Amino acid sequence: MDEASAGLWRGGWYRFARRLHSPNQGPRPAGAQIDLIVLHSISLPPGRYGGDEVQQLFTNRLDWDADPYFAALRGLEVSAHFYVRRDGELWQFVSCDERAWHAGASAWRGRENCNDDSIGIELEGLEGDRFEPVQYETLASVCAAIAQGYPIRHIAGHEHIAPGRKADPGTGFDWLALRTQLGWDTAMFPDAVAGPLSPH
Ligand SMILES: [Zn+2]
């Protein structure tokens, strides 16, 4: 980690995120090469924005009886490294040096169990729904910061690393907008979303 990124990161925690520790985490395998960012979408219940249910889920404090949808999640222990609210607010639950529980059964760039060596970012949203411009701003800035602190070479959606099982962030997510903001090479993105760069 160089001097510039050392100011952004401390022990895997990003300086500009609100911090809430999740117990749903563990050590990464020895020698894990953290080279993948995985994007997700989430809202609880689906399509309702602005509450604290996602933070509650990631800290095992969600009231399973508060909504009929939550019954299907009862006992679920999950987390992500980051969560981007509709208003662009950024939360962090797990140090990027540790293994968060966001990907499940998955494979990408020839490696399985993407939780081992990826950083997971949840966007407050719904599969098929659009995301807010300020969410792309926050997402691009945290992705750029992650790439300063870690040897990121790939970025993909949950739908790409677990096809058929997961569909987030979904068709409403504008990969081209993110790629344009980041200026990252198309080779870092899934083939399915790697079109030509839009003009700046
Ligand atoms: Zn997901």
Side-chain angles (χ1 to χ4, degrees), residues 17 20 22-26 28 34-60 62 64 67 69-86 88-96 98-109 111-132 135-136 138-140 142-143 146 150 152 154-175 177-179 188-193:
L20 179 62
S22 171
N24 304 328
Q25 60 169 295
R28 295 185 185 274
I34 305 166
D35 62 357
L36 170 66
I37 293 172
V38 179
L39 302 185
H40 304 258
S41 61
I42 190 171
S43 46
L44 294 173
R48 198 172 77 197
Y49 304 146
D52 296 327
E53 287 85 355
V54 172
Q55 292 95 316
Q56 292 166 6
L57 177 68
F58 288 172
T59 52
N60 302 338
L62 183 64
W64 310 114
D67 186 279
Y69 179 81
F70 299 164
L73 307 177
R74 190 179 295 273
L76 189 68
E77 294 184 344
V78 292
S79 64
H81 293 94
F82 292 101
Y83 175 47
V84 181
R85 307 292 319 246
R86 300 297 288 185
E89 186 179 65
L90 181 68
W91 290 67
Q92 184 172 4
F93 300 88
V94 176
S95 161
C96 291
E98 304 297 323
R99 184 179 183 276
W101 302 350
H102 56 97
S106 52
W108 197 244
R109 71 313 191 207
R111 308 206 306 258
E112 297 190 336
N113 300 315
C114 294
N115 281 336
D116 286 348
D117 42 21
S118 72
I119 291 171
I121 303 176
E122 297 273 2
L123 298 160
E124 185 178 19
L126 183 69
E127 292 162 22
D129 200 356
R130 293 165 55 93
F131 295 84
E132 299 292 341
Q135 288 185 289
Y136 289 95
T138 296
L139 180 60
V142 71
C143 284
I146 291 168
Y150 299 86
I152 300 300
H154 307 272
I155 181 167
H158 204 183
E159 61 196 285
H160 303 112
I161 69 167
R165 189 175 70 82
K166 292 292 178 178
D168 61 306
T171 53
F173 184 76
D174 188 345
W175 286 94
L178 177 65
R179 187 153 57 81
M188 296 177 72
F189 291 79
D191 288 342
V193 299

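Predicted, not measured: the structure shown is a model, and the values here were computed from it. Every number for a ligand or one of its atoms is a count from 1 in the order of the listing.
Among the heteroatoms counted here (N, O or S) of His158, ND1 is the one nearest to the Zn ion (ligand 1). Between the Zn ion (ligand 1) and the N, O or S atoms of His40, the shortest distance is to ND1.
Among the backbone and side-chain atoms of His102, no N/O/S atom is found under 2.8 Å from the Zn ion (ligand 1). Residue contacts to the Zn ion (ligand 1): Asp168 brings an N, O or S atom closer than 2.8 Å.
At least one side-chain heavy atom of Ser41 sits under 4.5 Å from a side-chain heavy atom of Phe131.
Under a 4.0 Å N-O distance rule, the pair Glu124/Arg86 does not qualify as a salt bridge.
Thr138 places no side-chain N or O within 3.5 Å of a backbone atom of Leu90 that could act as its donor or acceptor partner. With hydrogens and angles ignored, the 3.5 Å screen pairs no side-chain donor or acceptor of Arg130 with any backbone N or O of Gly125.
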